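Below, all heavy atoms of this structure are taken into account, side chains as well, without hydrogens, waters or symmetry copies. Please read all numbers here as calculations on a predicted model, not as lab measurements.
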Amino acid sequence: MSDERARFETLAVHGGEPRPAEDGSVIFPIYQGTVFESAPGSSVDDVRYIRLGTNPTQCHLHRRLAVLEGAETAIATASGMAAITGALHSVLKTGDHLIAGGTFYGGTSRFLAEHAERLGWTFDLVDPADEAAWEKALRPDTKAFLVESITNPLVRVGALAEAARFAHRHGLVSIIDNTFATPVNFRPHEVGFDLVCHSATKALNGHSDIAAGAVTGSRDLIGEVAAVLGAYGGSLDPHAAFLLARGLKTLALRVRAQNNNALALARFLDSHEKIAHVSHPGLASHPDHERAAALFDGFGSVLSFRPAGGASAAEALIKSLRLPYDASSLGGVESLVTRPAVGSHTRLGAVEAEGIGEDLIRFSAGIEASEDLIADFAQALEG
Ligand SMILES: *Cc1c(COP(=O)(O)O)cnc(C)c1O
């Protein structure tokens with residue numbers, strides 16, 4: 001089908017699917033095989049081998065991912081961290097410098113804090129909304145600019161289009177972790193990002209049952225990422241690739257439901273007397289609301305808030321909730337609730353520095369009925 005002209009919901013179902021389908025199968029099969037016969041006259045570059053991500057089920061997923069992010073091509077990875085570290089390794093050599101804008105996902109912060117130095121990389125953490133700070137951080141050896149579409153757990157939205165333009169102007173490779181926004185809400189290649197990374201463990205798969213990641217971009221840049229993944233061994237198993245390709249079919253429906261649930265719950269909590277503060281980019285009171293409204297088609301599944309009454313009130317509230325699981329992931333069909341200061345961000349020293357207090361609760365909306373989620377929070381707040 002002509003992918004360019006279809007809307008996102010249609011692309012999620014049909015994008016990258018071979019037509020006519022092989023053997024008439026509506027569903028692309030799982031090729032579990034590790035290796036495939038060489039065609040006559042083929043070269044070493046044509047080798048189809050599972051670790052290299054060139055098994056047909058992996059290639060099928062790559063086509064589907066590329067269509068959804070509007071990229072030339074894609075590579076699937078064994079996890080979100082494999083996507084981010086693969087992208088960074090593909091761009092940075094010993095002696096290179098990275099500008100990193102944001103309060104990063106815990107795994108990304110930890111990777112930079114614990115591995116950059118031994119790899120010979122230097123980096124500066126900057127405010128992703130403050131272009132003057134980027135200018136100041138810029139050095140002759142700066143090679144890349146890394147940001148996240150929505151930060152965790154304070155759900156801030158940086159000056160993303162400006163960051164992509166800044167990187168382009170200074171010859172840096174711009175890399176964005178688009179896990180929190182998903183391509184339903186934001187397609188970073190449209191504003192000029194070079195590499196888009198995902199933890200597909202989250203919303204892309206959506207069912208909390210596989211670890212996976214993805215990087216999308218130009219053929220040249222993804223070729224470099226694929227070479228890194230081949231060298232380190234970070235490809236995605238074909239069975240997980242099949243499940244992820246299946247999950248993508250309902251991505252638009254799931255993310256829209258999550259957007260709606262998160263916004264409805266944010267509004268409910270914002271007007272509740274037992275809640276001190278709510279942060280969700282869909283609320284007009286959020287400091288980045290206007291920027292998010294201009295960039296995004298939806299505001300995402302995550303909100304964070306502080307109950308009046310501090311850490312003990314937060315702990316009690318989580319215990320009283322019946323629907324959301326007390327667990328620290330996001331983007332699945334089931335709602336999750338967690339306290340980042342005692343979970344994902346515990347070891348980061350970011351707890352005081354970034355204002356992530358022990359009273360902060362992060363909520364990841366699932367696809368339940370918003371009335372039921374609100375009723376659950378209402379009963380929990382009664383207590
Ligand atoms: C979960 C997550 C990651 C890491 O993904 P894994 O699949 O757990 O390796 C990276 N970035 C963000 C924003 C995430 O939420």
Separation between OG1 (T34) and CZ (R48), nearest 0.5 Å, reads 12.0 Å
Side chains of H60 and E17, donor plus acceptor under 3.5 Å
yes
Matching residue for E69 among T216, T182, N178 - test: side chain to side chain donor-acceptor pair (under 3.5 Å)
N178
Is it true that atom CD of E135 has more than 12 heavy atoms of other residues, nucleotides or ligands lying nearer than 6.0 Å?
yes
Residues R339 and D326 bridged, charged N to O under 4.0 Å
no
Quick check: is L146 connected to V196 through a chain of hydrophobic side chains (ILVMFWY, heavy atoms under 4.5 Å apart)?
no
Would you call the rings of Y31 and F28 parallel, tilted or perpendicular, taking 30° and 60° as the class edges?
tilted
Rounded to the nearest 0.5 Å, how far does CG of L61 lie from CG of N55?
10.5 Å
Please report the C-alpha distance between F180 and N152 in whole Å, then the side-chain angles of each, then the deciding distance to 0.1 Å, and finally whether the side chain to side chain contact (heavy atoms under 4.5 Å, CB included) criterion is met.
CA-CA 8 Å; F180 270 55; N152 170 41; 3.5 Å; yes
With rounding to the nearest 0.5 Å, note down the distance linking CD in Q258 to CD1 in I367.
7.5 Å
Check whether more than 12 heavy atoms from other residues, nucleotides or ligands sit under 6.0 Å from atom CZ of F268, and answer yes or no.
yes
Plane angle bin for F166 and W134 - parallel if under 30°, tilted between 30 and 60°, otherwise perpendicular
perpendicular
With rounding to the nearest 0.5 Å, note down the distance linking OG in S79 to CD1 in I210.
11.0 Å
Within a strict 4.5 Å, meaning less than it, do heavy atoms of the L265 and V278 side chains meet?
no
Considering the options D288, D127, T103, which one meets the side chain to side chain donor-acceptor pair (under 3.5 Å) requirement together with R156?
D288
Would you please classify the geometry between the F363 ring and the F377 ring as parallel, tilted or perpendicular, with 30° and 60° separating the classes?
perpendicular
Can we call the ring centroids of F145 and H170 under 6.0 Å apart?
no
With a 4.5 Å limit on heavy-atom distance, are the side chains of V215 and L229 in contact?
no
